[in-house]
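Single-structure report; data block below.
Chain A is the first sequence line, chain B the second, and so forth, proteins listed ahead of strands; every chain is numbered from 1. Because the structure is predicted, anything quoted here is derived from the model rather than measured.
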Amino acid sequence: MDSRYNFRQAEKKWQQRWEQANAFQVKEDSSRQKFYCLEMFPYPSGNLHMGHVRNYAIGDVVARYHTMQGLAVLHPMGWDAFGLPAENAAIKHGIHPSRWTRDNINNMRRQLKSMGVSYDWSREVATCHPGYYRWTEWLFLQLYHRGLAYRKQAAVNWCPSCATVLANEQVVGGRCERCDTLVTKKNLSQWFFRITAYADRLLQDLDKLQGWPEKVRIMQENWIGKSTGAEVRFQAEDGTLLPVFTTRPDTIYGVTYMVLAPEHPFVEQLLERQPENAALRAFVDRVKVQSEIDRTSTETEKEGVFTGAYALHPLTGERVPIWVANYVLLEYGTGAVMGVPAHDQRDLDFARKYRLPVRVVIQPLGRNLDDRVMTEACADPGVMVNSGEFDGLDCEVAKLRIIELLARQGKGQEQVNYRLRDWLISRQRYWGAPIPIVYCDRCGIVPVPEADLPVMLPLDVAFEPTGESPLLKSQDFLNTNCPRCGGPARRETDTMDTFVCSSWYYLRYCSPRDEEHAFSGDQVGFWTPVDQYIGGVEHAILHLLYSRFFMKVLYDLGLVPADEPFTNLLTQGMVLKEGSKMSKSKGNVVSPEEIIEHYGADTARLFILFAAPPERDLDWSDQGVEGAYRFINRVWRLVAGAASEVAGAGRIRPGAADLSPEERALRLATHRAILKVTEDISTRFNFNTAVSAIMELVNAIYHYAEQVPAGQRHRAVLRESLVDLALLLAPFTPHLAEELWELLGESGSVHQQRWPEHDASALVVDEVEIVVQINGRVRDRLNVPAGISQAEMEQVVLAKQRVQEMLQGKSLVRAVCVPGKLVNLVVK
RNA sequence: GCGGGAGUGGCGGAAUUGGCAGACGCGCCGGACUUAGGAUCCGGUGGGUUUUCCCUUAAGGGUUCGAGUCCCUUCUCCCGCACCA
């Protein structure tokens, strides 16, 4: 017999058997509880990286464990296959994006299979397949018909070097992710999804997501950014209405100026009216070309210029100067703010710089703000002053009264404002799902009828980085007939953001080959929502928020049974090397393929699961990998060495008596391990401690074998330990577990077995070691019968000679007894 | 600036409800086996020391019979948001 485990042979063997047996295919089965385990599907970049390995190793533990618990487990995998890198490869190397993507998928599928993950590959989807994107288009139409997809002119991120529009997530610190060029804005006609219509529900329902990390819920909450306040309509002297949004209508009497964003339409009007105002023109032009980061950084000094125009205060009628400043953003609120320097730090900074008046209108309790000298604005609550009829009121009360007054006079009302913006889904790219819209000179915007879907992406397109969608050059694609009037029409040439594709893929897995529907009611009804979703925290906002939005829309359409897609979320940490992110430029990338080739998939998985708890960052350690490899061989040697000895041994009965102390210790270790591993996987997600519990079991079995010579060992007890060991290892090192199962002469696949249950009677011990503390310090230890009363414990402890000696000359104040753990003697 | 997380041996980490700090692994040291050992098995391994003792969970204080865990103050690091009116 080999003294070493041949992982290459074994892993290949079991992967082939699983594949031949369709071991992980699953069907709806109402007799079993369902469990939908999902890991974020990858972009097919060409190769798995360690982050993928971690993600999918974690998912596989969860999936295999629940399968062994008897649940019907859906565990699918697919490809987020549209996206810019494929198009870049086409531009650079002349490979067609579809070919590039297909090759990458094939390679990554092979790599995934070499990891031994228990996917139901019959459900594989790729978002770039017409059978998938047809339904992405269909979903676009559903949103369109509900008024949730609309077209408008908007300023989008533009990379001048790549000559293309960039998605928000591809702008890092205001620069293009790939070429590091400063991103500018470009005005284009774009399609949007009206996610803001769901802002409040997306916020409210975060409370339902108790199975999500609080961190992610908070990030989404901040992203949605709900603020409650009022819209107040100021009026320029020429009559133009200038509404502002404020969260502090109670400070309205403190307004000493107004500020507009440089892009505000009224500024444009003013410039047309007074072309001689060179200062204003220069300022506006300068700020407009400022980059987003420069413009929005808190570091940037506030700058502004007086427009020469005045507005009238809605309550006092006072003339307030209208300024333009870089710190006001057109996109938020109304693009105009009322300046209340006494109670807003930004306004105060601005007012001091340009010597604008400061007026205190709220005095906080116990302080006396002086507007002549204050350098820090005061946002605290207090009593109203300098506020006409509202003087003396508490500002919270005044807030409501002022809103009432404004409403009565038609000058404002209560208003809720969100930071969340509508989702821009147009991309001037080829490699994405076509937007199923036609432009007809006679009928305008016309949606493609559902029966005509999919709008196929043409394959014979030239990819030059011109800055326009390559689809514009495809005459066959571009020119069509209006579905409504039959006249000549043009297709929309922009494609959809890939986040649209990934917002519903978890639904498609339920019925991946359905030609009639995006997803079938029965299947989607059975499987959704996802019970456990696992992926990187970098998707905390984008993908997870978009998916929640989609699910709610589909719920409202009556297409899905739940309005939240992911019940439980686990966000795994990054895989680092020497404390920093693996990257090609740093040259610290560890290749999963090489690790699997060298040590095997089980070793890679085991190391990754053992090295850190899943949500924490994990530092890759070559020595740690060696350790995992050694452990796997150690386990194999143990079982291979004992297999013949325990062959044919009977099963130990739960509660078996008349065992030697060594055998009872072994059973104790075995059943403790079962208990611990079960708890760690199912409720704590602490796979590192689960693995360490298995290691302890292995040590205990070695210990038993060392203590008791061969021939005198209790074969049934030993067999039980080895069998349970194989079962406990199954989710972590699935190939090794199969191999052990076979060595032990068990039939079938270890993964089709029931998860072991601990035998409570094996956990019963008749003696426990307790600690004796004197004034909280450990002074002695002794064994006492398990389950004795506190009084008995105290008695036993006090009777001990050593304890007596230590109590000499002291008086016992009291004794604190913790059953089974310790006795603390408080003495003076 | 705001929000979140973390800080425990030489290293990764454990301690789940306030009850033996350092499980498990790596590394290191020793032993056995061996022609050999970078394999394997067994054992040791927080620090100090005057060794029936003392110190130790970023620092300091507090609550408690008892604190890594709870409270207060401070420091450091990581992540997210960042002029959101």
Side-chain angles (χ1 to χ4, degrees), chain A residues 3-4 213-219 221-223 225-227 229 244-248 251 259 293 295-302 325-329 331-340 344-347 349-350 417-420 537-538 540-541 573-574 579 607 610-613 615-628 630-631 633-634 637 676 679-680 683-684 686 688-696 698-699 702-703 705-706 769-781 802 805-806 813-827:
Chain A
S3 63
R4 226 176 155 78
E214 196 193 9
K215 175 193 168 85
V216 176
R217 291 202 309 261
I218 290 171
M219 281 168 78
E221 190 180 324
N222 292 340
W223 187 264
K226 178 177 181 171
S227 28
V244 301
F245 172 74
T246 177
T247 54
R248 297 294 304 272
T251 64
V259 198
I293 14 160
R295 172 82 180 276
T296 56
S297 163
T298 42
E299 311 298 310
T300 305
E301 194 167 348
K302 288 162 192 46
N326 58 352
Y327 75 96
V328 177
L329 307 172
E331 301 90 67
Y332 186 78
T334 61
V337 300
M338 58 186 213
V340 187
D344 183 291
Q345 190 59 45
R346 294 159 299 177
D347 294 346
D349 292 345
F350 192 76
N417 205 40
Y418 296 93
R419 214 183 75 114
L420 183 71
V537 73
E538 66 274 16
I541 311 255
M574 283 187 300
F607 164 70
F610 178 62
E615 64 283 358
R616 214 187 288 191
D617 285 350
L618 177 158
D619 207 7
W620 186 264
S621 154
D622 294 335
Q623 286 177 334
V625 177
E626 290 279 355
R630 274 205 296 268
F631 174 74
N633 281 291
R634 178 170 157 86
R637 273 192 309 274
K676 173 82 175 146
E679 199 180 87
D680 280 350
T683 59
R684 286 171 17 113
N686 276 11
N688 55 330
T689 51
V691 171
S692 81
I694 297 173
M695 288 172 167
E696 283 179 282
V698 170
N699 292 343
Y702 267 99
H703 188 63
E706 208 209 350
E769 189 186 63
I770 62 162
V771 163
V772 182
Q773 294 185 334
I774 293 176
N775 289 340
R777 293 174 172 279
V778 180
R779 282 293 178 265
D780 201 5
R781 290 154 205 274
R802 192 177 134 77
E805 283 164 16
M806 284 187 291
V813 181
R814 74 158 155 146
V816 181
C817 297
V818 182
K821 290 203 168 139
L822 62 78
V823 174
N824 187 13
L825 302 171
V826 186
V827 300

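Thr246(A) comes within contact range of the sugar-phosphate backbone alone, with a heavy-atom separation under 4.0 Å but no base atom that close. Within 4.0 Å (heavy atoms only), Val328(A) reaches at least one base atom of the nucleic acid.
With C1' as the reference atom, rG18(B) and rU63(B) are 11 Å apart, rounded to whole Å. With both ends at atom C1', the span from rG46(B) to rA15(B) equals 16 Å, rounded to whole Å.
For Glu805(A), there are no salt bridge (charged side-chain N to carboxylate O under 4.0 Å, His left out) partners, not counting sequence neighbours. Residues meeting the salt bridge (charged side-chain N to carboxylate O under 4.0 Å, His left out) test with Arg814(A), sequence neighbours left out: none. Remark: Arg684(A) pairs with Asp680(A) by the salt bridge (charged side-chain N to carboxylate O under 4.0 Å, His left out) rule, at least two apart or across chains. For the salt bridge (charged side-chain N to carboxylate O under 4.0 Å, His left out) test, residues two or more places apart in sequence or in another chain that qualify with Asp344(A) are Arg346(A).
Base-pairing analysis of RNA chain B finds the following stems of at least three consecutive Watson-Crick or G-U pairs, with both pairing distances under 3.5 Å: B:1-7 with B:75-81, B:10-12 with B:24-26, B:27-32 with B:40-45, B:46-48 with B:53-55, B:58-62 with B:70-74.
In the model, Arg634(A) has a side-chain atom that pairs as donor or acceptor with a side-chain atom of Asn699(A) under 3.5 Å.
Nearest heavy atom pair, residue Asn775(A) against residue Val827(A), reads OD1-N, 2.9 Å.
Here rG68(B) is in the anti range [glycosidic angle more than 90° from 0].
Chain A approaches RNA chain B over the interval rG3(B) to rA85(B), counting the first and last nucleotide 5' to 3' with an atom under 4.0 Å from its heavy atoms.
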